[in-house]
There are 2 protein chains.
Amino acid sequence: MSYKDKKVITIGIVSELTGLSERKIRYYEERKLIFPERSKGGTRKYSFLDVERLVDIANKMEDGMQTFEIRKMEQKQLKKKEVREKMLRGQLNAAFNMRK
Amino acid sequence: MSYKDKKVITIGIVSELTGLSERKIRYYEERKLIFPERSKGGTRKYSFLDVERLVDIANKMEDGMQTFEIRKMEQKQLKKKEVREKMLRGQLNAAFNMRK
DNA sequence: CGTGTAAGGAATTCTGACACG
DNA sequence: CGTGTAAGGAATTCTGACACG
């Protein structure tokens, strides 16, 4: 975990960093696009990665995409990534086996 | 400016990250060891670099150093760094001049 | 000098709801 | 569906001060 992934930023500052209203930021969480942590008291805590994600979400919203479409798109990309990694592992294994 | 230098963390979270009380953190600011920014409303905002600095300060305090000593020490190291950079620039210039 | 604490107030955040479209 | 807003309350932070050592 680098600094980028540490959940330490409160929503007001995230709002400033992204230019999005707090309302929007909370709504995108409701739609499962973003997953802040919580303090003991219940205040949301975001990472810089979350901030980047929010900017990306904002761009897609501007392009007329709907929240559920954005969610699906992210799932697809996650799946692609998994497949890619699985293949890579397979090739590494094959290469390793050839050596014996 | 990388993420490390962005002042985005509130004092409560800094307290958790460093293990220092908010009182101590504010006191080290009073003694000019740390320089948070402020929100419009007046709440302090720290960077990850500040968090690292605070941990370093805490270690020196544990070793019995006093705040003014820590401040002096940091000034000295800053000066050393400046001298080093000045010398480096001088050498680079010399090397460049030899080429013509 | 360095730090804890209680005090009162202000800034920040939270949730659930209503509104509009 | 996506977002603004007013509402009431709770969590967070701020300052200046007193205390102890």
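Every chain is numbered from 1 and lettered A, B, ... according to where its sequence line falls, protein lines coming before strand lines.
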Which atom pairs, one a donor and one an acceptor, fall under 3.5 Å between side chains of residues 87-96 of chain A and the rest of the protein, sequence neighbours left out?
none

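For A/E82 and A/K86, the salt-bridge test fails: no basic side-chain N is under 4.0 Å from an acidic carboxylate O.
A distance of 4.0 Å separates OG1 of A/T18 from CD1 of A/I25, quoted to the nearest 0.5 Å. The CD atom of B/Q77 sits 8.5 Å away from the CZ atom of B/R84 when rounded to the nearest 0.5 Å.
Here the P atom of nucleotide D/dG2 and the NZ atom of A/K32 are 15 Å apart, to the nearest Å. For the pair A/K24 NZ and C/dT13 P, the computed distance is 18 Å after rounding to whole Å. Taking atom CD1 of A/I13 as the reference point, atom P of D/dT13 lies 10 Å away to the nearest angstrom. Rounding to whole angstrom units, CZ of residue B/R71 and C1' of C/dG2 are separated by 14 Å. For B/K45 and D/dC14, the NZ to C1' distance is 16 Å, given to the nearest whole Å. Atom CG of A/L20 and atom P of D/dG2 are 14 Å apart (whole Å). B/E22 places its CD atom 15 Å from the P atom of C/dT3, with the value rounded to the nearest Å. For the pair A/I11 CD1 and D/dT3 C1', the interatomic distance rounds to 14 Å; values are reported in whole Å.
When every heavy atom of B/T67 is checked against every heavy atom of B/L33, the shortest pair comes out as O-CD2, 3.8 Å.
For the OP1/OP2 pair of C/dT3 and a distance below 4.0 Å, the side-chain nitrogens and oxygens of B/Y28 include at least one atom meeting the criterion. Within the 4.0 Å cut-off from OP1 or OP2 of C/dT15, at least one side-chain nitrogen or oxygen of A/R44 is found. Regarding contacts with the backbone of C/dG2, every side-chain N or O of B/R23 stays at 4.0 angstrom or more from both OP1 and OP2. Within the 4.0 Å cut-off from OP1 or OP2 of D/dT12, not a single side-chain nitrogen or oxygen of A/T10 is found.
For DNA chain C, if you chain together Watson-Crick or G-U pairs that step i with j, i+1 with j-1 and so on, the runs of at least three with distances under 3.5 Å are C:2-5 with D:17-20, C:17-20 with D:2-5.
B/R71 places a side-chain N or O within 3.5 Å of a backbone atom of B/R31 that can act as its donor or acceptor partner.
Of the residues in residues 50-69 of chain A, not one comes within less than 4.0 Å of DNA chain C through any heavy atom.
Heavy-atom nearest nucleotides on DNA chain D were determined for B/R26 and for A/S21, and the one closer to the 5' end corresponds to A/S21. When each of B/T43 and B/Y27 is assigned the nucleotide of DNA chain C bearing its nearest heavy atom, the one mapping closer to the 5' terminus is B/Y27.
Only one option out of A/L17, A/I13, A/I9 pairs with B/K6 in a side-chain contact (heavy atoms from CB on, under 4.5 Å); it is A/L17.
Using the six-membered ring where Trp is involved, A/F48 and B/Y3 have ring planes that are parallel, under 30° apart on the 30 and 60° scheme.
Using a 4.5 Å heavy-atom threshold, the side chains of B/M65 and B/I70 count as touching.
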